[in-house]
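For reference, the structure discussed in these notes is given below.
One-based numbering, in listed order, for ligands and for the atoms of each. When reading the values below, keep in mind they use all heavy atoms of this one structure, side chains included, and skip hydrogens, waters and symmetry mates. Start at 1 with the first residue, then count along the sequence.
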Amino acid sequence: MRYIIQTIGCQMNICQSDEISKELNSKGLIKVLDRESADIIILNTCSVRAQAEQKAFSFLGRVCDLKQKNEAVKIIVIGCMAQRMKSKIKKRFKQVDLIIGTDRETPEIVNQILQLININNEVESPVEFLDLNTNNEVSKFVTITKGCSNYCSYCVVPFVRGKERARDFDEIIEECRNFSKQGAREVILLGQNVNSYNFNGFNFVDLLKEVSKISSIKRISFMTNHPKDLTLDLIQTIASFDKISKHVHLPLQSGSDEILKKMNRNYTLAHYKNLISLLRQNIKNISITTDVIVGFPSETDEDFLKTLETIKEIAFDGLYVFKYSPRPNTLAATFIDDVSQEKKKERLAIILKESNDISQKIVAGMVNTKQTVLITAFNGRSLEGQTETGRKVFMEGGRENIGKLCSVFITSAKINSLFGEICNEI
Ligand code: SAH
Ligand code: SF4
Ligand code: F3S
């Protein structure tokens with residue numbers, strides 16, 4: 001049987017889709033990339049913005065048409081949108097066979113999928129199945145917290161993923177160890193706010209220190225950070241362990257204190273800027289990226305200019321910018337969405353232009369320098385890797401280099417990628 005798994009949304013979803021794929025592959029199912037040739041179509045959904053939901057709806061429209069031609073095809077919807085609007089999906093897309101929300105754990109989801117296609121979960125695949133998508137991967141996602149309790153006023157995540165739950169400390173370490181035994185050289189610790197990790201008194205710094213003891217793990221990355229919980233202790237830990245990635249994703253959202261307050265972010269611009277100074281003072285070559293929302297209810301031209309000024313001043317290494325999208329159940333959905341679509345579009349374009357200009361300058365400045373690169377994949381033509389600061393680098397060389405941490409001389413740069421030559425393994 002062939003299946004396709006289409007993923008919309010954040011790393012949490014990518015991680016879960018990977019886990020599901022791994023299980024299905026171990027039962028002998030074959031992953032394909034085009035939906036026309038699939039017997040099972042799985043859609044992992046996101047609700048963070050209306051656009052993400054529209055994307056899922058149009059995907060479902062297309063695959064339901066496919067099912068009209070071939071009734072044997074099974075359609076399964078999982079993820080945040082399945083949680084938020086199960087009955088609506090059921091009503092609108094009658095051909096969908098299974099809708100499972102985020103209140104179910106991954107093993108249960110896999111079981112339900114297997115039941116649907118009449119595969120007995122107890123029977124092991126007769127052949128040892130080599131899962132090329134996971135077994136040979138150098139970088140592995142490891143979820144450390146689920147859900148979120150921050151209730152930023154615009155955000156649907158606490159409603160679709162529930163309150164924050166920290167995963168068992170030892171279980172996380174065990175998973176990292178297992179991945180390292182299977183060949184992983186990088187673990188990417190995931191949570192909506194990794195800084196607030198706390199399991200029986202063990203915090204995020206304790207976790208980073210413990211993971212760093214696994215000798216074959218050469219890089220530890222993590223996301224996302226919340227400015228209200230990023231401590232000096234954490235900053236100093238990042239600085240003092242070579243293995244810990246020098247990339248911090250620290251969503252700003254807005255440069256206006258008034259808007260930050262209405263967003264319920266629990267920090268001021270001054271606090272945010274102070275964190276940036278601390279990061280830059282303590283960590284040589286730190287890369288800082290961010291998220292920004294434009295057109296939040298009541299955002300004036302003046303508020304927006306404060307955001308733009310902040311972006312210019314901080315000169316982020318990378319930036320994601322989103323137009324505000326009202327989400328059902330959230331507090332902000334009760335505010336009047338009074339910034340017009342045109343204004344939102346205009347503000348988005350201004351921020352994008354600014355951040356691209358900054359990014360280009362940063363990338364150009366990396367040409368003719370040596371960078372420490374973890375080589376993660378071979379794309380058929382060249383090797384791919386990431387610098388310590390999370391930038392993508394393409395290099396010539398063979399597959400045998402995958403998994404190596406190398407010193408790479410950067411020869412040229414394009415908007416978001418670097419090209420380099422491997423000097424030596426570190
Ligand atoms: N937990 C992470 C981010 C989760 S969502 C964090 O707090 O950093 C990723 C990004 O989507 C957010 O940082 C925010 O910029 C954006 N986002 C969330 N809800 C949104 C909404 N309703 N409209 C527009 N952008 C939104
Ligand atoms: Fe949403 Fe805020 Fe939680 Fe991030 S921290 S997931 S933006 S509620
Ligand atoms: Fe989207 Fe759910 Fe992640 S709403 S951003 S997939 S937690």
Is [X] salt-bridged to [Y], cutoff N-O under 4.0 Å?
X: Lys22; Y: Glu19; answer: no
X: Arg219; Y: Glu388; answer: no
X: Lys392; Y: Glu384; answer: yes
X: Arg185; Y: Glu137; answer: no
X: Lys343; Y: Asp301; answer: yes

Exercise. Cationic tip of Arg327 within the cone over Phe159's six-membered ring, i.e. under 6.0 Å and within 45° of the normal?
Worked result: no
Exercise. Does NZ or CZ of Arg167 come closer than 6.0 Å to the centre of the six-membered ring of Phe199, within 45° of the ring's axis?
Worked result: no
Who's the nearest protein heavy-atom neighbour of [atom], and how far?
atom: atom 7 (S) of ligand 2; answer: Tyr154 OH, 3.4 Å
atom: atom 4 (S) of ligand 3; answer: Ser47 N, 3.3 Å
atom: atom 6 (S) of ligand 3; answer: Asn13 ND2, 3.3 Å

Exercise. Mind checking what residues have non-hydrogen atoms under 4.0 angstrom from ligand 1?
Worked result: Val48, Arg49, Tyr154, Gln192, Thr224, Pro251, Gln253, Arg265, Asp291, Ile293, Phe322, Lys323, Tyr324, Ser325, Arg327
Short question: side chain of [X], backbone of [Y] - any donor-acceptor pair under 3.5 Å?
X: Lys67; Y: Gln95; answer: yes
X: Asp291; Y: Gln253; answer: no
X: Lys86; Y: Ile99; answer: yes
X: Tyr267; Y: Leu252; answer: yes

Exercise. Within the stated cut-off of 2.8 Å, is an N/O/S atom of Cys10 closer than that to atom 3 (Fe) of ligand 3?
Worked result: yes
For this session: Using 2.8 Å as the cut-off, note every protein N, O or S atom close to atom 3 (Fe) of ligand 2.
Result: Cys148 SG
Find all atoms of ligand 3 within a distance of less than 4.0 Å from any non-hydrogen atom belonging to [X], and give their numbers and elements.
X: Gln192; answer: 7 (S)
X: Cys46; answer: 1 (Fe), 4 (S), 5 (S), 6 (S)
X: Cys80; answer: 2 (Fe), 4 (S), 6 (S), 7 (S)
X: Val48; answer: 1 (Fe), 4 (S), 5 (S)

Exercise. Would Met12 count as a contact of ligand 3 if the rule is a heavy atom under 4.0 Å away?
Worked result: no
For this session: Indicate, with yes or no, if the rings of Phe202 and Tyr197 have centres closer together than 6.0 Å.
Result: no
Exercise. Centroid-to-centroid, Phe335 to Tyr324, below 6.0 Å?
Worked result: no
Exercise. Which heavy atom in Arg347 sits nearest to a heavy atom in Glu299, and how many Å separate them?
Worked result: NH1-OE1, 2.8 Å
